[in-house]
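Single-structure report; data block below.
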Amino acid sequence: MEERIPAVAMRNITKRFGSVVASDKCWLNIYRGEILAMLGENGSGKTTLMNMLSGVYFPDEGTIAIDGREVVISSPKDAFDLGIGMIHQHFKLVDVFTAAQNIVLGLPGKLDLAEASRKIREICDRYGFAVDPDQKVYEMSVSQKQTVEIVKVLYRGADILILDEPTAVLTPQETDKLFAVLRNMRDDGKAIVIITHKMHEVQDLSDRVAVLRKGHFTGDMLTKDTNVQEMTNMMVGRPVELNINRPEPEDPKPRLEVKNLTVRDADGIAKLDDVSFTVNTGEILGIAGISGCGQKELLEAIAGLQPTETGSISYIENNGEKEELIGKDPLEIKKMGVALSFVPEDRLGMGLVANMDLIDNMMLRSYRQGKSLFTNRKAPNKLAHQMVDFLEIVTPSVETPVRRLSGGNVQKVLVGREISNAPTVLLTAYATRGLDINSSYTIYDLVTQQKMRGVAVIYVGEDLDVLLELCDRILVLCGGKVSGIVDGRKTDKREVGAMMTKLGGLQE
């Protein structure tokens, strides 16, 4: 079909992890001057395939050719020598070093930071990056850290770049800046691969799409010749309905009342400043805001995980009686009958134990119910099997350690466990971060089912399109303050986006 020689030609690439075949005879072409989007459900083998190209894994079978010449890539150094650089989901930077020190770290030869800084500024000017070579990593935002990672691979001469979920934790504005830079790099002749689950990004950014399903390459096509529905059907292997159902709240009553809540961090900076709102039964209250505007602290304060300076958080019983939550620890909150389910941002760090299997991670929520030193594994075992079936978790068995699952499947384990608790108040933070489109819609449906059961749901999300479709009301945080609360059915992205960046939003 195309006569030009691919920058990368992967043929019959196979990779096994024990009995699991992560990549099964995969073919893939990557071309210079093109942005290729790689799509596939969680656990379909996208990251595994790119890890073999970048030297993290070595294929069990198959060949890789760079510019028509067959090569062997057995380490990240081999990949760098061939001009291949991968920017991973989890950044690999030293916090106490500057940007320049991180960028040159590990390079052979005499260290000349002044010359390195000059070269870094040259790269930034060429592609439109904003990096201060002398800024310490711990002072940077997530977006700035990601920029350092990209400049690091460019500094080392990479002209084939792989970005794994690069926008997972970026704001819409930061995403726009990143995309402008990637287009500049493409126009400069670089080959760029982006692994993403966000379909609108695929349409906005990519020139071509390659789809994987259960470790198999199912096909590729020009982005302009396809649509979201077709791409999703190829990923899943069957027609998928892409609609979020939003029934009207039935007989809503106040369940949680937050008044004048102020929370400060260890440095005394106000992360939440005089925040007040009410959450009702049978509704989803969305929380929108630029990353770091107090969303995490708000959920942790309600769950009893975050000390507060002033204010009150009241749980309202069905008979109208109020019970103050501040001052109680998470176990006391649970014992008083308030089932606050919390899906943290850091799923492996805070939510699950990586070396435990699915059953034991289910038991983390239920072991206190045991009447002896020996806990009952029957109910957690049943729940683990139900979750694997319902959420289509890709795992060899329920006895597999969670650390061996893909990031998206880890997220499914966590969300499924929290929702299965039958809470009266459900707190979710970034419940679909890193999930493929089919799994995301399953989670939206699960959250809506909780709402229809009368649960008061607080949903913190990054995707404004989803917040506008899923939530009944949306509370917007700006710098730790409430910028406003809007009706999810009547507002739009422009209004919410303006409220996220300026208290009160649009001034018209």
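Remember, it's a predicted structure, so these values are computed and weren't measured experimentally.
- Side chains of Val228 and Ile437 form a contact here, defined as non-hydrogen atoms less than 4.5 Å apart.
- Panel note: side chain Gln295, backbone Gly289; a donor-acceptor pair is recorded below 3.5 Å.
- With values rounded to the nearest 0.5 angstrom, Ile458 atom CD1 is found 9.0 Å from Leu475 atom CG.
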**Residues Val181, Met185; criterion side chain to side chain contact (heavy atoms under 4.5 Å, CB included); working and verdict** = CA-CA 6 Å; Val181 168; Met185 288 161 57; 3.7 Å; yes
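- A donor-acceptor contact shorter than 3.5 Å is absent between the side chain of Asp267 and the backbone of Ile269.
- Nearest approach of Ser440 to Thr432, heavy atoms of both residues: OG-CB, 3.7 Å.
- Heavy atoms from other residues, nucleotides or ligands lying under 6.0 Å from CD of Gln386 number more than 12.
- For residues 479-490, every residue pair satisfying the salt bridge (charged side-chain N to carboxylate O under 4.0 Å, His left out) rule, not counting sequence neighbours, is listed here: Glu248-Arg489, Asp273-Lys481, Asp472-Arg489.
- Counting heavy atoms from C-beta outward, Asp445 and Asn245 have side chains that stay 4.5 Å or more apart.
- The closest side-chain donor-acceptor pair between Asp389 and His385, if any, does not fall under 3.5 angstrom.
- Atoms OG1 and NZ, from Thr262 and Lys271 in turn, are 13.5 Å apart once rounded to the nearest 0.5 Å.
- Between the CD atom in Glu257 and the OG atom in Ser276 there is a gap of 8.5 Å [rounded to 0.5 Å].
- Between atom OG1 of residue Thr278 and atom CD1 of residue Ile316 there is a gap of 6.5 Å, rounded to the nearest 0.5 Å.
- A salt bridge does not link Lys177 with Glu174: every distance from a Lys NZ or Arg NE/NH1/NH2 to an Asp or Glu carboxylate oxygen is 4.0 Å or more.
- Put simply, the residue from Glu300, Lys296, Glu297 that forms a side chain to side chain donor-acceptor pair (under 3.5 Å) with Gln306 is Glu300.
- Although no hydrogens or angles enter the test, the distance criterion places a donor-acceptor pair under 3.5 Å between the side chain of Lys451 and the main chain of Pro247.
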- Given side chain to side chain contact (heavy atoms under 4.5 Å, CB included), test Leu468 with Ile474 step by step and report yes or no. CA-CA 8 Å; Leu468 293 170; Ile474 301 171; 3.8 Å; yes
Open item on the list: Ile150 vs Tyr127, test: side chain to side chain contact (heavy atoms under 4.5 Å, CB included). Steps then yes/no.
Closed with: CA-CA 11 Å; Ile150 297 172; Tyr127 298 115; over 6 Å; no
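- For the residue pair Ala456 and Asn280, the shortest heavy atom distance occurs at CB-O, 3.2 Å.
- In terms of modelled atom types and a separation under 3.5 Å, the side chain of Thr308 and the main chain of Thr310 share no donor-acceptor contact.
- No side-chain heavy atom of Thr196 sits under 4.5 Å from any side-chain heavy atom of Leu205.
- Remark: Asp465 pairs with Lys493 by the salt bridge (Lys or Arg N to Asp or Glu O under 4.0 Å) rule, at least two apart or across chains.
- In this structure, OG in Ser44 is found 7.0 Å from CE in Met235, a value given to the nearest 0.5 Å.
- Proximity of Met499 to Thr491: side-chain heavy atoms (C-beta onward) are nowhere separated by under 4.5 Å.
- For the pair Leu256/Ile302, a side-chain contact is recorded, criterion being any heavy-atom separation below 4.5 Å from C-beta on.
- Across every non-hydrogen atom of Asn319 and Glu321, the tightest pair is OD1-N, 2.9 Å.
- Residues Asn318 and Lys253 form no side-chain contact, since every pair of their non-hydrogen atoms from C-beta on lies 4.5 Å or further apart.
- Residue pairs meeting the ring-ring contact (aromatic ring centres under 6.0 Å, His included) criterion with at least one member in residues 432-455, sequence neighbours excluded, are Tyr441-Tyr444.
- Not one N or O on the side chain of Asn438 forms a donor-acceptor pair closer than 3.5 Å with the backbone of Thr232.
- Asp265 pairs by the salt bridge (Lys or Arg N to Asp or Glu O under 4.0 Å) definition with nothing, not counting sequence neighbours.
- Taking every heavy atom of both residues into account, Leu467 and Ala288 meet most closely at CD1-CB, 3.8 Å.
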Under 3.5 Å, sequence neighbours excluded: what are the donor-acceptor pairs made by side chains of residues 91-100?
| residue | atom | partner | partner atom | Å |
| --- | --- | --- | --- | --- |
| Thr98 | OG1 | Gln101 | N | 3.1 |
| Thr98 | OG1 | Gln101 | OE1 | 3.4 |

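- Residues that satisfy the salt bridge (Lys or Arg N to Asp or Glu O under 4.0 Å) test with Lys214, not counting sequence neighbours, are absent from this structure.
- None of Leu383, Val413, Ile393 except one satisfies the side-chain contact (heavy atoms from CB on, under 4.5 Å) rule with Val388; the exception is Ile393.
- At distances below 3.5 Å, at least one donor-acceptor pair connects side-chain atoms of Gln144 with backbone N or O atoms of Ser141.
- Nearest heavy atoms, Cys471 versus Gly286: SG-CA, 3.5 Å.
- At least one donor-acceptor pair under 3.5 Å links the side chain of Gln146 to the backbone N or O of Pro166.
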For this session: Start with the C-alpha gap between Thr167 and Phe179, add the side-chain angles, then the distance that decides, and say whether side chain to side chain contact (heavy atoms under 4.5 Å, CB included) holds.
Result: CA-CA 10 Å; Thr167 65; Phe179 284 5; 3.8 Å; yes
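- For Val394 against Leu405, the heavy-atom pair with the smallest separation is O-CD2, 3.7 Å.
- With rounding to the nearest 0.5 Å, the separation of CD1 in Ile194 from CG in Leu163 is 6.5 Å.
- Using a distance-only test at 3.5 Å, with no hydrogens or angles considered, no donor-acceptor pair links the side chain of Glu201 to the main chain of Ser206.
- Contact annotation: the side chain of Met50 never approaches that of Asp164 to less than 4.5 Å [non-hydrogen atoms, C-beta and beyond].
- Counting only distance, with no hydrogens or angles, the side chain of Arg213 and the backbone of Glu41 share no donor-acceptor pair below 3.5 Å.
- Using a 3.5 Å distance cut-off with no hydrogens or angles, the side chains of Arg404 and Asn355 do not pair a donor with an acceptor.
- In this structure, Val137 and Lys145 have side chains that are in contact, with non-hydrogen atoms separated by less than 4.5 Å.
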